> 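Got a structure for you, written out below as structure tokens; questions coming shortly.
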Amino acid sequence: MICSLHKISRLGRFTFLTMLLCIFVLHSEGANAQQKRVDSLSAELSFYSKSDTQHVILLKKIADGFRSVNMDSSIYYAEECISLAKEQDFKSGLAAGYNALGNTCEFVNDIDRAIESFEKAIQLYQELDNLKGELAVTQNLSNVYARIGKMDKSIEMQEETQRLSIEMGDTLRFGMIANDLGRNYMNINQPYKAFINLKYAYLIGDQYGHVRLKGSGATNMASLMFVHERYEYGVAFAKDATEIFKKDDFKVGLGASEGILGSLFLRQKRYDEAIAAYERAINYSTKIGDKRGAYNRLNNIAVLYFELDSSDLAFDYFRKAADIYDGSYVTNHAALSLGNLAAIYVERGEIDSGLYYGEKSLAMYEKLGNPQGNLTLNLTLSKANELSNRYKEAFHFANLARMMSDSINEVTCDETMNKLEVDYDVESKRRQVDTLQLDNNLKREELKSGRLYLLISILSFVLILALIFMYLLNQKAKAKRKNLEMEQMVLRAQMNPHFIFNSLNSIQRLYIEGNTDKASDFLVDFSQLLRAILENNTKATIPLNEELKYLDMYCKMERLRTDGQIEYRIENSLEMRASNVRIPPMIIQPFVENAIWHGILPKKEKGTVAVKINHGPEGYISISVTDDGVGWKSESNSKHQSKGIMLIESRIKQKIKIEQPEKGTRISFNVKIK
């Protein structure tokens, strides 16, 4: 039965004070227990010399133990483990050290180092022919790729490890991978595949008596039901997971299952039960020193009170969550919560605090690779800056919000933008008028009151006309920018139908010839590339590494479609900067397509296309596309290329250089980087 808001508020204030005490005490107990375990391992370490491999193994265990207590210490002991294992030439210990380092780096959001460490561990296990170790680390690496949004790569790795676990006859490992794979399929909205894999994980965990696998499968199944609004089923799975974890006293799992149970109750508006479930989740998280888990659940309770229009209690819980956040991890959930706290401060009129937490949230989004944050955060920062009379900053954040807005809130963002534009112009004109008034004070004093009023009226009228004129000019400039953007979109769209037509013809041909496997592979690659083209179609620029990724995907498709008649090379001397350099999308692919279809294929023998990316003049990169085909021999080919070159030159505003060496054609041009 849903309780009244008054009852909830009284309950919440009591539980909030109780929870503060519990979090402090339980977290201290959890941290102390973990510290005692680390101290015990450190004492055991003194019994073994540095030449003993057992010393390396203990260093790895200490690094793992510190992961939930002190990140710096965890990294230190993992690095010590790696260093000593190298001295001993102990490859198994070295692989374990890199795995421990990768896990800690992932936890502190040092993703590049985590990936590098996991890849080194995998290579070492491959050299040792230790398939079990290789599979375990590959699972960790696939989870990292899933975390940073590279779901295709993560799923590809998991499916391969699943296949290898079947070859090994390791059914339990198969179930663990199925659990991770099901979670990934759930994240990319493929519920049927997610359900099948999570069901495998649950049944295998039950068959082998593996409590944590069975409970994890049930917890993820509850999350799947939550996403697809099957709340009653979700509650059943979450309760099942809780009972499973209680048998093993697995507090990590209990925190997760109680957390999703609370969210399911919240969606059903069963508020008392939701609060109780969230409180249990917080208790389990604090017992093991899991600040992240406690942080998330405190935010969940804050959202619950938001739904009940109890802003004071929501504010209290958001503040408590912000207070226990120590900056050791960066997640979208954490960034969103700090942004919510900023919004409440702004609504309460505490602008400085609102700006502080808003900028803190924005900095977190930047670390996550999303420097523009989200729509709500930008609207909050815009409003806070507007109230502080910082119109330039307010205009900037409102502009970001408008670019992110969808059809529902587009009108609101436009109204905000227009208002800020006027405010900004009025402020500039007001300062000019103030200066003019100071210069003319003596003259005005000599004028009669009638003439003074007339002059003020004339000045006001002129000022209004000037504001209207500037506003119209600004609108005209914005319309011109939109027209230019539309022209670019049209130019890009002209290439896409030609490519789609050729690709579909090739797929049809492969099916007719009976090459169903090759046709299926081609269809998968084609769908991925088409999705990339559609996503980037409205973007003015994209990172260079993404452009090269799509180009590599396209070349692989052409090589498959031509039965290996073409070879290609992509050489990038800007490898370390490729993610920071931005260029117009699909700027290289037309030249590669032309080299293949009008250069190599007509000569009826294998040919090569080479793409090179180098440093160009300051502020530019140099791009060249070279083939060893037939060259510009036909008039129709020349006309086709000329038209394509004119279109691309209009996009990059640079001349394209065409050379004809002894064999083939070389296209080269410079692109201004963003």
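This one's a predicted model, so the numbers in the text were calculated from it and none came from an experiment.
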> Could Arg113 and Glu79 be called an ion pair, given the rule that one side-chain N must be under 4.0 Å from one carboxylate O?
yes
> Supply the atom-to-atom distance Ile166 CD1 to Thr161 OG1, rounded to the nearest 0.5 angstrom.
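Ile166 atom CD1 to Thr161 atom OG1 measures 10.0 Å (nearest 0.5 Å).
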> Give the intermediate values and the outcome of side chain to side chain contact (heavy atoms under 4.5 Å, CB included) for residues Tyr568 and Val611.
CA-CA 8 Å; Tyr568 70 94; Val611 179; over 6 Å; no
> What is the minimum heavy-atom distance between Met157 and Ser142, and which atoms define it?
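It is CB-CB, 4.1 Å.
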> Verify, without hydrogens or angle tests, whether Asn130 (side chain) and Gln126 (backbone) share a donor-acceptor contact under 3.5 angstrom.
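Flag not set: sc Asn130 to bb Gln126 has no pair under 3.5 Å.
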> Look at the side chain of Arg666 and the backbone N and O of Glu659, then say whether any donor-acceptor pair between them is shorter than 3.5 Å.
no
> Before giving the answer on side chain to side chain contact (heavy atoms under 4.5 Å, CB included), spell out for Glu547 and Ile583 the whole-Å C-alpha distance, their side-chain angles and the decisive distance to 0.1 Å.
CA-CA 8 Å; Glu547 173 76 0; Ile583 65 172; 3.8 Å; yes
> Look at Asp628 together with Lys603 and state whether they make a salt bridge at an N to O cut-off of under 4.0 Å.
yes
> Assess whether atom CZ of Arg559 is packed by more than 12 heavy atoms of other residues, nucleotides or ligands within 6.0 Å.
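Check passes, neighbour count above 12.
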> With rounding to the nearest 0.5 Å, note down the distance linking CD1 in Ile588 to CG in Leu551.
6.0 Å
> Find the distance between CD (Glu649) and NZ (Lys653) and round it off to the nearest 0.5 Å.
12.0 Å
> Decide side chain to side chain contact (heavy atoms under 4.5 Å, CB included) for Ile673 and Tyr620; before the verdict, give the C-alpha distance in whole Å, the side-chain angles of both, and the deciding distance to 0.1 Å.
CA-CA 5 Å; Ile673 59 178; Tyr620 290 81; 6.0 Å; no
> Any donor-acceptor pair under 3.5 Å linking the side chain of Asn197 with the backbone of Lys193?
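Checking the backbone N and O of Lys193 against the side chain of Asn197, a donor-acceptor pair under 3.5 Å is found.
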> Are there over 12 heavy-atom neighbours, none belonging to Lys556, within less than 6.0 Å of that residue's NZ?
no
> Any donor-acceptor pair under 3.5 Å linking the side-chain atoms of Ser74 with those of Thr104?
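Side chains of Thr104 and Ser74: pair found under 3.5 Å.
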> Does anything in residues 122-137 pair up under salt bridge (Lys or Arg N to Asp or Glu O under 4.0 Å), and if so which pairs, sequence neighbours excluded?
Lys91-Glu127
> Does the side chain of Asn614 pick up a donor-acceptor pair with the side chain of Ser622 at under 3.5 Å?
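No.
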> So, Arg173 and Ser165: side-chain donor and acceptor under 3.5 Å apart, yes or no?
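Distance-only check fails for Arg173 and Ser165.
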> Pair up each side-chain donor or acceptor in residues 174-189 with any protein partner under 3.5 Å, not counting sequence neighbours, and list the distances.
residue: Asn179; atom: OD1; partner: Asn220; partner atom: ND2; Å: 2.8
residue: Asn179; atom: ND2; partner: Ser216; partner atom: OG; Å: 2.7
residue: Asp180; atom: OD1; partner: Arg183; partner atom: NH2; Å: 2.8
residue: Asp180; atom: OD2; partner: Gln139; partner atom: NE2; Å: 3.1
residue: Asn184; atom: ND2; partner: Ser154; partner atom: OG; Å: 2.7
residue: Asn184; atom: ND2; partner: Gln158; partner atom: OE1; Å: 2.9
residue: Tyr185; atom: OH; partner: Glu159; partner atom: OE2; Å: 2.6
residue: Asn187; atom: ND2; partner: Arg183; partner atom: O; Å: 3.3

> How far does CG of Leu362 sit from CG of Asn378, to the nearest 0.5 angstrom?
7.0 Å
> Does atom OH (Tyr200) have a neighbourhood of more than 12 heavy atoms from anything else shown, all under 6.0 Å?
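Count not over threshold, so no.
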> Measuring from Thr608:OG1 to Ile566:CD1, what's the distance to the nearest 0.5 Å?
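It is 9.0 Å, given to the nearest 0.5 Å.
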> Check the pair Ser668, Ile656 against side chain to side chain contact (heavy atoms under 4.5 Å, CB included), reporting the backbone distance first and the verdict last.
CA-CA 6 Å; Ser668 58; Ile656 294 175; over 6 Å; no
> Nearest 0.5 Å, what's the NZ-OG distance between Lys612 and Ser624?
6.0 Å
> Look at Glu546 together with Lys549 and state whether they make a salt bridge at an N to O cut-off of under 4.0 Å.
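Lys549 and Glu546: not salt-bridged.
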> Given Phe669 and Phe591, is the ring-ring contact (aromatic ring centres under 6.0 Å, His included) satisfied, shown in steps?
CA-CA 11 Å; Phe669 54 95; Phe591 295 112; 5.3 Å; yes
